[in-house]
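Labels below follow one simple rule: chain letters A, B, ... track the order of the sequence lines, proteins then strands, and each chain is numbered from 1.
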Amino acid sequence: MCDQTFMAATFGPCDSCSKPSPLMNIYIKNEATNYCSLCVEMMACQGLQKGETLESLKRESETLKKKLEEERNKLNDVELHQVAEKVEVLSALSIKTRRVLKGHGNKVLCMDWCKDKRRMVSSSQDGKVIVWDAFTLNKEHGVPLPCTWVLACAYAPSGCAIACGGLDNKCSVIPLSLDKNENLAAKKKSVAMHTNYVSGCSFTNSDMQLLTSSGDGTCALWDVESGQLLQSFHGHTADVLSLDLAPSETGNTFVSGGCDMKANVWDMRSGQNIQSFESHESDINCVKYYPSGDAFASASDDATCRFYDLRADREVAVYQKDSIIFGASTCDFSLSGRLLFAGYNDYTINVWDVLKGTRATILFGHENRVSRVRVSPDGTALGSASWDSTLRVWA
Amino acid sequence: MARDMSDKEILKMELEQLKKEVSTPRTPVNANCADTIAFVEGLAPNDPLIKGVPDDKNPYKGDKGGCIIT
């Protein structure tokens, strides 16, 4: 082999062993260096070792994943819709648009209900956050924010504050006051600081703690008063797009979904990832806990919604149809958990029968993609936000 | 943060996570689904979006928001 014959353009001391010899120009980690051929050989061998470790890690990872699948399949004796065969078929639903809330200048990206069941907060690409009264269509507060694309907003459990965040990499809390003339934007307080956009935020059971998810791949728990980071959750390998807290009063777990196609369940106190589910074929846009707290659903760009049971540690239902080819960007359950409302990028909201796995009805009305659906706290209405700059209330 | 980690570190993180997960306690799907169904059946009769709400009680239906001019 004549691989030792090379054009020696330079002659001098090698960068690693300092012996004068013909040097080869090579690039290590994007930096140009000059090594003599002996050092290049040694380094190539080391590289091989590194490669081997990478390979062996990958192999170990694959074996563990297979083992996990086996363990899960052992308990997979039946599917949800089979167990639910005896359940009565749903009667025809009469859900229609009852209110159209106009006022945003651009795409509405997020919305949330207040616990008093009539107020909603919504945030938009134009940088405004508006608090509405859904019964009367009154706009109670409007806060202009300095950044555009406010991707997340949430109502505090007490109804006295809202949180919002987006491309500014922060999540801010704004206390709401009854005085209409007060400048709310001035009272805005930055609580969460991430290194990339904030994709989702939610208050925990009190006004004092805020949970956020971010494009930097982490979720974090913050103390609102001091702005201190209480706990951070690492484990996603790509942007985290959504999070949801477990519904129980003493709940201390939450689920998050992201662009790495994984949905992870976390323990809030320890920061540990308790369970992980990887069956979607594309980004998970939204995750939502089941009202019972033992399961959750996810909506993804692969045009399916999936239902995962936490105690069985596996996916138990897939909601999909050949005619649905657009990604689902949001999902929420009805009060009893019988219906799953999912908003899609084809401007519709499909209503799925959770138990039987079939589609109950389709809600038409929006003129652009549906970015968020949320059922009101008492289950009487469904609120939806869309890129057509309106929100709709369905009942 | 994931984008700062090299491939090797990401794999190591995934590996540790998988090791933990293989040993989580699990219950059979049969039992859990039955539980879920029982839960839903219990609450379904009271679900306003399924069974509907009479027009006079529903704040969204009906002609609210109109005004009477005398």
Part of [X] within contact of chain B (heavy atom distance under 4.5 Å):
X      : value
A:V393 : side chain
A:D378 : backbone
A:K117 : backbone
A:A84  : both
A:L355 : side chain
A:L64  : both
A:V351 : neither
A:A134 : both
A:F333 : neither
A:K74  : neither

Check each atom of [X] against the heavy atoms of chain A and say whether the ones under 4.5 Å are side chain, backbone, both or neither.
X     : answer
B:E41 : side chain
B:T27 : both
B:K19 : both
B:E14 : side chain
B:P45 : neither

* Taking the side chain as every heavy atom from C-beta outward, state whether B:L43 and A:L335 have any pair of such atoms under 4.5 Å apart. =>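 Contact flag for B:L43/A:L335 side chains = no.
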* Asked: Tell me, do A:D294 and B:N32 make a side-chain contact under 4.5 Å, heavy atoms counted?
  ->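 No - every pair of side-chain heavy atoms lies 4.5 Å or more apart.
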[Y] backbone acceptor or donor facing [X] side chain under 3.5 Å:
X      : Y     : answer
B:E21  : A:L68 : no
A:D313 : B:R26 : no
A:R338 : B:I50 : no

* **side chain to side chain contact (heavy atoms under 4.5 Å, CB included) assessment of B:F39 paired with A:Y290** => CA-CA 11 Å; B:F39 172 85; A:Y290 201 59; 3.9 Å; yes
* Minimum heavy-atom distance between B:V29 and A:A312, given as atom pair plus value ->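 Where B:V29 meets A:A312 most closely, the heavy atoms are CG2-CB, 3.9 Å.
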* Separation of A:S61 OG from B:K12 NZ (nearest 0.5 Å) ->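 Nearest 0.5 Å value for the NZ-OG distance: 13.5 Å.
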* **For chain B, the option from A:D309, A:L93, A:I95 that forms the most heavy-atom pairs under 4.5 Å** =>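 Among the listed options, the one with the most contacts to chain B is A:D309.
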